[in-house]
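A short write-up of the structure that comes next.
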Amino acid sequence: MRYWYVSINNSYKHRGSNVRSVQMKHGHSIVELSEEATPKEIDNCKLVYLGRGWWNDKHVQDNCNNYTGVVT
């Protein structure tokens with residue numbers, strides 16, 4: 001299972017061991033982590049939690065659409 005976040009200020013550049021992928025989009029980044037983000041990462045990168053699971057899970061997609069306004 002993965003933890004999904006959106007960086008609402010498109011500033012997630014960290015390449016730590018728990019980062020699985022970062023998809024840079026216009027105005028935001030989709031971040032896939034193997035572990036939960038730390039409070040410091042959440043604050044510094046303006047991360048919003050999308051959910052835990054796989055990218056195609058409905059709750060992750062719904063939350064992504066709510067925060068980014070982009071249908072994936």
Side-chain angles (χ1 to χ4, degrees):
M1 292 288 190
R2 305 289 191 256
Y3 294 88
W4 295 94
Y5 295 86
V6 62
S7 174
I8 56 176
N9 65 355
N10 207 18
S11 69
Y12 198 87
K13 308 271 192 269
H14 179 69
R15 295 284 184 201
S17 60
N18 69 335
V19 177
R20 305 295 283 181
S21 71
V22 177
Q23 301 171 17
M24 305 299 281
K25 305 288 184 179
H26 180 70
H28 65 277
S29 301
I30 304 296
V31 182
E32 176 187 5
L33 302 175
S34 59
E35 300 172 358
E36 285 187 90
T38 65
K40 184 177 180 179
E41 288 176 308
I42 291 170
D43 290 343
N44 289 343
C45 301
K46 304 288 190 251
L47 295 180
V48 176
Y49 181 70
L50 298 179
R52 180 174 182 249
W54 304 109
W55 178 248
N56 293 332
D57 289 348
K58 183 173 177 10
H59 67 281
V60 174
Q61 292 296 307
D62 289 345
N63 290 336
C64 183
N65 295 338
N66 288 339
Y67 286 107
T68 64
V70 177
V71 177
T72 54

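Along the sequence shown, residues are numbered consecutively beginning with 1. Quick note: numbers below take in every heavy atom, side chains included, and nothing from hydrogens, waters or symmetry partners.
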- Task: Apply salt bridge (Lys or Arg N to Asp or Glu O under 4.0 Å) to Lys58 and list each qualifying residue two or more places apart in sequence or on a separate chain.
- Result: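 By the salt bridge (Lys or Arg N to Asp or Glu O under 4.0 Å) rule, Lys58 matches Asp62.
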
Work out which heavy atom in [X] is nearest to a heavy atom in [Y]; give both atom names and the distance.
X	Y	value
Leu50	Asn63	O-ND2, 2.6 Å
Ser7	Cys45	OG-O, 2.8 Å
Cys64	Ile30	SG-CD1, 3.8 Å
His59	Arg52	NE2-O, 3.0 Å

- Message: Please check: side-chain N/O of Glu36 versus main-chain N/O of Tyr3, any donor-acceptor pairing under 3.5 Å?
- Response: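 Here the side-chain-to-backbone pair does not exist.
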
- Query: Checking Asp57 side chain against Trp54 main chain: does a donor-acceptor pair fall under 3.5 Å?
  - Reply: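 Checked: pair present.
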
- Message: So, taking the atom named CZ in Arg2 and the one named CD in Glu35, what distance separates them when rounded to the nearest 0.5 Å?
- Response: 11.0 Å

- Point-to-point distance, once rounded to the nearest 0.5 Å, from CG of Leu47 to CD of Glu41: 7.0 Å

- Please examine the side chains of Tyr5 and Lys46, heavy atoms only from C-beta on, and report whether any two atoms are closer than 4.5 Å.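 Sidechains of Tyr5 and Lys46: no contact.
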
- Task: State, with a plain yes or no, whether a side-chain heavy atom of Val60 is found less than 4.5 Å away from one of Trp4.
- Result: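 Contact flag for Val60/Trp4 side chains = yes.
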
- Message: Run the ring pair (Phe, Tyr, Trp, His ring centres under 6.0 Å) test against Tyr67 and tell me which residues pass, sequence neighbours left out.
- Response: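 Tyr67 satisfies ring pair (Phe, Tyr, Trp, His ring centres under 6.0 Å) with no residue once adjacent residues are dropped.
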
